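Values in this document were obtained by computation on a predicted structure and should not be read as measured data. Lettering follows sequence order; numbering is per chain, from 1.
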Amino acid sequence: MLLVQVMQGVMEGIFLFLIASGLTLIFGVSRIVNFAHGSFYMVGAFLTYQIYPWIAEGTALGFFVTIVICGLLVAALGLLFEVFLLRRVYHAEELMQLVLTLAAVLIIRDVTKFIWGLDDVSVSLPDALAGAAVIGGTYLPTYQLVMVGVGVVVLAAVWSFLKFTHAGIILRAATDDRGMVALLGTNQAHVFTSVFAIGCFLAGIAGGFAAAFESINYLLDTRVIVLAFIVVVIGGLGNFYGALYAALAVGILKALGLLFAPRLSMVIIFLLMAAVLLIRSLRRTTE
Amino acid sequence: MARGEGPPTESGSALQGRDAYSINWRLVAAVVLLQAILLVVSPPLLVFALIEVMIFALYASALNLLLSFSGMVSFGHAVYFGLGAYGLALSITHFDFPIALGIVAGPLVAAFFGLIYGILCVQLTAIYAAMLTLACAEVTYAVVFQWFDVTGGDSGISGHVPTMLGLAPYQFGLVVLCVVTVAILMLWRVVYSPLGLTIRAVGQNPARAAALGHGRKSIQLIAFVISAFFSGVAGTLFGIFHGNVFPDYVGVLFTVDGLLMVVLGGLYSFGAGIYGAIIYKLLDNLAAHYFQYWQLVVGVIIVVVVLVSPSGIAGLVRRIVDRFERRP
Amino acid sequence: MHRKKLLQISTVLVLAMGLGGAAQAADPIKIGYVGGISGPCGGLTHSAVKAMKIALEEINAAGGAAGRQIEVVWRDSKTKPDEGAKQTRDLILTEKVDVLTGVCSSSVFMAINPISKQYGVPLVSAISGTHKATVDFGHPFVFQTQPHTLMEGKALAEYAARQDWNNIVTMGLDYEWGRTTVKVFTEELAKLKPEVKISTQLWPRFGETNLTSYITAALAEEPDAIMGVLFGSGTNSLIKQGRSYGLLERTELLTFLSTESYMALGKDIPDGVHGWARGPFYALDSDKAKAFIAKYREAHDGEYPNDWGMLAYDAMHIIAGGIDAAGGAEPEKFRQALGSTTFDTMRGPLKMRMIDNTFNAPSYLGVTMMSDAYPFPTMSNVTVIPGDITLPSEDTVKALRAAAAK
Amino acid sequence: MTVNAISQPALKVRGLHKEFGRFVALDSVDLTVADGEIRAIIGPNGAGKTTLINVLSGQIVADRGSVEIAGRRLSRQHPHQVAKLGVGRTYQISSTLRRMTVFDNMLCAHNAVSGNWFSLRAGRLRAMEDAVLADLKTIELDGLANQVVDDISHGDRKRLEFGMVLATRPKVLLLDEPTAGMGLRERHELIDLVLAVTRERRLTLVFVEHDIDVVFKAAESITVMALGGVFAEGKPDEIAANSAVQDIYLGGNA
């Protein structure tokens, strides 16, 4: 029982990681806390609902193709948002940036309502992905295993991107020291824009996967953003790998929490977040 | 409309007129009188709207103390607003307080939680602190929402206090006017006093303030508790106004309302909360009345303000006043 | 002569009064609608608004109520209690409405309820399911036309007792509706069938849509059935995610399944789920229902009305019927009229009892099945649990009111 | 205290060590500054000068080593606590309250040491006005009193920062590149002001400086740092004569 719940938690954690990874990448580079991340995720989910029937409904391949297309579309949307709006406030106060992303949440939500209406919609899981591997009475659903696989692929892709490519090295430099990017003579704006687009791409595909996993409506944005924030904060804002550990921890904590303290699982997770933040602050080196 | 409005600059330099640090009583009296007349002569519905604006003006002004002056961002300020209303309700329903005592208890409960959460939050700075305020708010919301036996869960608590204390709307409006005026004047006193100067120094540049001998944490904590207290006053009034309390009052929507009011009103000016509450509520009501996609309208206006006039309405007012003053 | 004159005068007076009455009759009766058109309730409410508009047309085409036309003023509560209260005051004070209706979430209902009481304007709830407004904090002018939480919990127990389920896991959303329904269900089931064991109670957080850990935790108890008190995306997620765990092969599932869930999930809802509903259009075969559904579909691109639309349509006809029977919208007469009339609704004849102004609205339970009739699955073998069985006893009502008044 | 003040050095640092990751910022630094001394700290970029100042002012906690200020041992004090011990500091990039006026900046400094910083009585601020104006005159900024700091020149900001530090009545001044980024004339005007005040009030002055002219004009003694350690120490003429210092210094700058 315990083991089943832990495995359940791992699978949920990977899914959380998919959502949170983009958020943490964006913060790491541009120090923007993007409240609209959940909205981009929601747009990804609705686009998947819209586009899947046009591609090849019912097939697993069509499903994956759809998700990649939707990821790209969301990335394009994020790109526009970054270039036309966000870029203008990089030098303003933090609060202005936050409020701008909050405004984006309001706008995207109403546009979503306008296009796709108020009712729940849902994407049917392709049959090939709907089953489960049964090992000794324990069910390991194919779809969640696939998501674990996707999580690993994203992790590997981002890891090798950061490690091996020129752009990745600039990115790492940008995360560690933003002044350094300017010194390197790189066009900082390009770095910010591309990372924002990559973050939105990740949000978009996470939303696509969610569309087949749960039922989606215009409230999806706020439903997901708080949890994503918790993961990012526990992992260390801007820390890509930290987000993975945090996502797994939150997933497992949620799954085990309902065995031992069923009504307190969210409270426990928030307390974990508070504790992590405070413990980090105790390691004072600079004030 | 704006109450307690003096010179709207953050640096009310003493040299710019020896009275910059004192209250312009004539202006206050004029605004209060005008507001009182409005309350008495208006039809009930307008009175309700005025009451709502006054309560939110206080809430946003309290939040503004944090945002504009103390250098903190709170993503969970509705907690202190809502806890004011819950403090009132729970002290009556669970501790059998008389109503008068419950009204006092509301802001104190808010301030108490401001102290507890504040102690945690000031350990961190910038966005990290803001994230912790969010976590505190979510915990509070979860507890209030789920602790069904005590808080009534999502169907809240009602009937513990007569709506508007059983007064006629305009009478209650006058009560609110008095409380809000006094509270905003107190906030003014806080901002433009030695303590306020300290808070502003810490808020603008904690390193310089530390080199002057001010510890950031303790001073930000003071600001946090004061802000929580006055948010609690606003929340208590709101609880009496509606005669009820729901988890929504500590929820994220009220937090966002407050933030947007301050930004619309104009960061770094004392009047931000007052201007912001008036404009935001006006906008909110009008847009929602005529347009199903009112959030879109509000969102677009916020974008325009952030990009075009980051100093908000207060900045606009200041520019207009400056222009008039320059022209003899 | 003298008498004749007197007669003349009185005739004139009577005539004048009659004319006055006629002039009054020319004014429409105003109904104020407050509902969560935007905000979390938006998904439930839009069909209700459409349905009410159809009802309105029918009523006015048939000459209105009590000889007067009916006019509805629509207001959005944004699913926020304070906003709902504000709109309600506006409706009462500026629009001078005679009757209020709508109301989606229980917090908005609870916020509006005292205003209806204060101004003595009848409030007929069409959607919100909390019992607190009519029972605990009931007053003479608040009415409920759909089954409330206490009734539904009992209906579920009735249904569960008829199945051969001996080990049940409950899974209720962790808020008032979930907790009260599970509580009533558990208590009533213990009375009806004491041998049934509730092996565990799970409480998913409100708004939670990843229910997989709850599914595994529930299945670990090897229950005969899972009783889910979830709605909308909660129910949908449970069914979608349960599929991979062989949920339905391993146990039975009883959950709230309103029409929009069928429409959202389509064939993703497998056959054999026990569903419960408040106004399933496909299970109502009265002529009235058929006519309404046809009209609704015609007006809205072949879309089917959801449960909320069905409830709202009935509520509007009940209001009009009440006004008709009362000869106007005078609140006390309206109440008496509602209490003494049997309304012929799409859900069959409904009658209100005076103690808590609650209608004996039925609950519908059945088993899902895909058929050729609709592009989505529906419930078959629908069991109707009439409201007369599920309405709480008068003692219960009195006890709850006493507790609330304390 | 007063008895000690004669015998105690104003600043005594022993074995100070600080690493950032693998980078050794301070490597067993020893430093003694006598009461009333004017000491310059020079060295190439990355020598650890600013880190040293940051440790002395409590901004950074060292990994090892001790700091004594007027005989009092520092142990993990926060900057504001160090400030209360009588240490005033300026920053490489001037650190002022940029949304306030020059006057209010100075008022903040007075307010901070008034002992009534928590008061709610605006009258207390009015009572400080004359002293504030006097201080502004001292640093020759009284003409800019009503300007918002954001609008004044870089040099004036540095001057204001120095003035604010003075207003807190420190015993030890730590100035991190007080003249960085200023024009030649401004630079000498400011350092003349610093020297005049320091001598008049008998303060201890430790300053980091890159401009060799300024250093030799002002310093009574010089500490040369390189690679996180103290490389040489002595009177200005000794340092000038030290060829190793010249190599390091010029090499480091090249």
Hey, could you give me the [atom1]/[atom2] distance between [X] and [Y], rounded to the nearest 0.5 Å?
| X | Y | atom1 | atom2 | result |
| --- | --- | --- | --- | --- |
| Arg98(D) | Arg208(B) | CZ | CZ | 13.0 Å |
| Arg99(D) | Phe69(B) | CZ | CZ | 9.0 Å |
| Asp104(D) | Leu197(B) | CG | CG | 6.5 Å |
| Ser218(B) | His80(D) | OG | NE2 | 5.5 Å |

Of the non-hydrogen atoms in [X] and [Y], which two are nearest, and what is the gap between them?
| X | Y | value |
| --- | --- | --- |
| Gln204(B) | Leu97(D) | OE1-C, 3.1 Å |
| Leu120(D) | Pro194(B) | C-CD, 4.3 Å |
| Ala210(B) | Ala83(D) | O-CB, 3.4 Å |
| Tyr192(B) | Ala122(D) | O-CB, 3.7 Å |
| Leu125(D) | Ser193(B) | CD1-C, 3.7 Å |

Under 4.5 Å from a heavy atom of chain B, the part of [X] involved:
| X | answer |
| --- | --- |
| Ser119(D) | both |
| Arg121(D) | backbone |
| Thr96(D) | backbone |

Exercise. Flag yes if more than 12 heavy atoms outside Tyr128(B) fall under 6.0 Å of its OH atom; otherwise flag no.
Key: yes
Quiz item: How about Ile116(B): does its CD1 atom have over 12 heavy atoms from other parts shown lying under 6.0 Å from it?
Solution: yes
Quiz prompt | Max heavy-atom pair count under 4.5 Å with chain D, selected residue of Ile199(B), Asn205(B), Ile219(B) | solution =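 Ranked by heavy-atom pairs under 4.5 Å with chain D, first place is Asn205(B).
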